[in-house]
Amino acid sequence: MVPPKQGDRINNYLLEELVGSGSFGQVWRAKHHVLDQVVAVKILTDQQYVRNFRQEGVVVHGIHHPNIVRALDIDPYADWPYLIMEFVDGPSLRKVIDDHPQGMPIDVCVRVLRGVLCGLQAANDAGLVHRDVKPANILLRMPHGDLSRVEVGDVKLTDFGLGKATSVTTASLMQSGSLVTD
């Protein structure tokens, strides 16, 4: 499968800039072709991950919480399977840690941790276990690029690809026909 490139269209969005990649595929910043809406588009370029990708989109789509990146649309059956998500304009916690080898201020650490815990609590309340919490999967919206101004609501959990729905959640999704098992 040939990976997408800048200017390609996924659903109603034009790919603008590659912002991340991994073994599964790529994440792009994209803009709606008519509206002034910027999103992140996760595009699967390795078909072996389709099942996890479909699960991530279905499970995360129903969670609406300020500390979880919101899923807006999914099509695991498109030529390039995709998940359209809220775009977080800021770095991952991994990058912030790497950029601050002497450590981050304690008050910022506390706010970031609070945001992560609030997001995990919301996922837990929705019957979802993340299973891959790490600095690379925590995004920080940094007002004016200033780490000291990061608040609890600026912390966003992302990448629920390895997440696992609890049996109650899985049963309700299967009853609704939203999740098909192999």
Side-chain angles (χ1 to χ4, degrees), residues 3-45 53 56-57 59-75 80-101 103-123 128 130 132-163:
K5 62 188 178 313
Q6 184 178 12
D8 284 344
R9 185 170 166 168
I10 302 293
N11 192 323
N12 290 317
Y13 299 91
L14 298 174
L15 301 180
E16 292 188 329
E17 179 185 356
L18 182 65
V19 295
S21 61
S23 58
F24 67 89
Q26 305 173 337
V27 177
W28 287 80
R29 187 186 74 226
K31 188 171 183 180
H32 193 278
H33 70 106
V34 174
L35 305 174
D36 189 25
Q37 179 187 23
V38 175
V39 297
V41 180
K42 186 176 193 177
I43 300 171
L44 199 63
T45 56
F53 188 72
E56 174 183 11
V59 177
V60 175
H61 194 271
I63 300 177
H64 302 279
H65 189 274
N67 296 112
I68 296 178
V69 172
R70 186 161 180 228
L72 304 171
D73 196 3
I74 183 171
D75 187 348
W80 288 313
Y82 65 82
L83 173 62
I84 297 174
M85 304 171 289
E86 157 190 17
F87 181 74
V88 178
D89 192 9
S92 71
L93 181 57
R94 169 81 277 142
K95 180 166 180 9
V96 171
I97 290 169
D98 291 346
D99 289 349
H100 294 83
M104 298 180 345
I106 294 296
D107 60 323
V108 174
C109 293
V110 169
R111 290 193 299 267
V112 169
L113 184 56
R114 237 189 204 141
V116 170
L117 293 174
C118 288
L120 290 173
Q121 181 66 56
L128 182 63
H130 191 289
D132 194 25
V133 178
K134 60 186 179 187
N137 290 340
I138 299 165
L139 302 178
L140 302 178
R141 182 174 288 127
M142 291 196 342
H144 309 289
D146 185 354
L147 181 61
S148 68
R149 297 176 77 177
V150 170
E151 295 295 332
V152 172
D154 295 322
V155 179
K156 303 275 191 173
L157 285 175
T158 191
D159 201 355
F160 281 77
L162 296 178

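This structure is a prediction, so every number in the text was calculated from the model and none was measured.
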Atom pair SG/CG of C109 and L147 - distance to nearest 0.5 Å: 8.0 Å
For P135, give me all partners under side chain to side chain contact (heavy atoms under 4.5 Å, CB included), at least two apart in sequence or on another chain. L93, R94, I97
Atom of A71, atom of L83 and distance for their closest heavy-atom approach: CB-CD1, 4.0 Å
Within a 6.0 Å radius of atom CG on D98, are there more than 12 heavy atoms belonging to other residues, nucleotides or ligands? yes
Take Q37 and L72 through the side chain to side chain contact (heavy atoms under 4.5 Å, CB included) test and state the conclusion after the steps. CA-CA 12 Å; Q37 179 187 23; L72 304 171; 4.2 Å; yes
Which residues pass the salt bridge (charged side-chain N to carboxylate O under 4.0 Å, His left out) test with D146, not counting sequence neighbours? none
With sequence neighbours left out, what residues match D73 under side chain to side chain contact (heavy atoms under 4.5 Å, CB included)? N11, Y82, I84
Of all the heavy-atom pairs spanning I68 and G119, show the shortest one and how long it is. CD1-O, 3.4 Å
Listed by chain and number, what are the side chain to side chain contact (heavy atoms under 4.5 Å, CB included) partners of D107, not counting sequence neighbours? P105, R111
For R149, side chain to side chain donor-acceptor pair (under 3.5 Å) partners two or more places apart: none
Which heavy atom in V96 sits nearest to a heavy atom in P91, and how many Å separate them? CG2-CG, 3.6 Å
CG/L35: more than 12 non-hydrogen atoms of other groups inside 6.0 Å: yes
Please identify each residue that fulfils side chain to side chain donor-acceptor pair (under 3.5 Å) with K95, with sequence neighbours left out. D99
Heavy-atom closest pair, residues V27 and L18: O-CD1, 3.5 Å
Partners meeting side chain to side chain donor-acceptor pair (under 3.5 Å) with R114 (sequence neighbours left out): none
For Q121, check side chain to side chain donor-acceptor pair (under 3.5 Å) against everything at least two apart and list the hits. D125
Applying side-chain hydrogen bond (donor to acceptor under 3.5 Å, both in side chains) between R70 and each of E86, H65, H64, report the one that passes. H64
Given V19, L14, L15, V39, the one that forms side chain to side chain contact (heavy atoms under 4.5 Å, CB included) with W28: L15
K42 side chain near D159 side chain, heavy-atom distance below 4.5 Å: yes
Write down the atom of S92, the atom of A136, and the distance for their closest heavy-atom approach. CB-O, 3.9 Å
L113: side chain to side chain contact (heavy atoms under 4.5 Å, CB included) partners, not counting sequence neighbours: L117
L139 side chain near V69 side chain, heavy-atom distance below 4.5 Å: yes
Applying ring-ring contact (aromatic ring centres under 6.0 Å, His included), can you list everything that pairs with H32, at least two apart in sequence or on another chain? Y13
So salt bridge (Lys or Arg N to Asp or Glu O under 4.0 Å) across residues 5-20, not counting sequence neighbours, yields K5-D8, E16-R29, E17-R29
Check each of N67, I138, N137 against L157 using the side chain to side chain contact (heavy atoms under 4.5 Å, CB included) test, and report the only one that passes. I138
Looking only at non-hydrogen atoms, find the nearest pair between W80 and I10 and report the distance. CE3-CD1, 3.3 Å
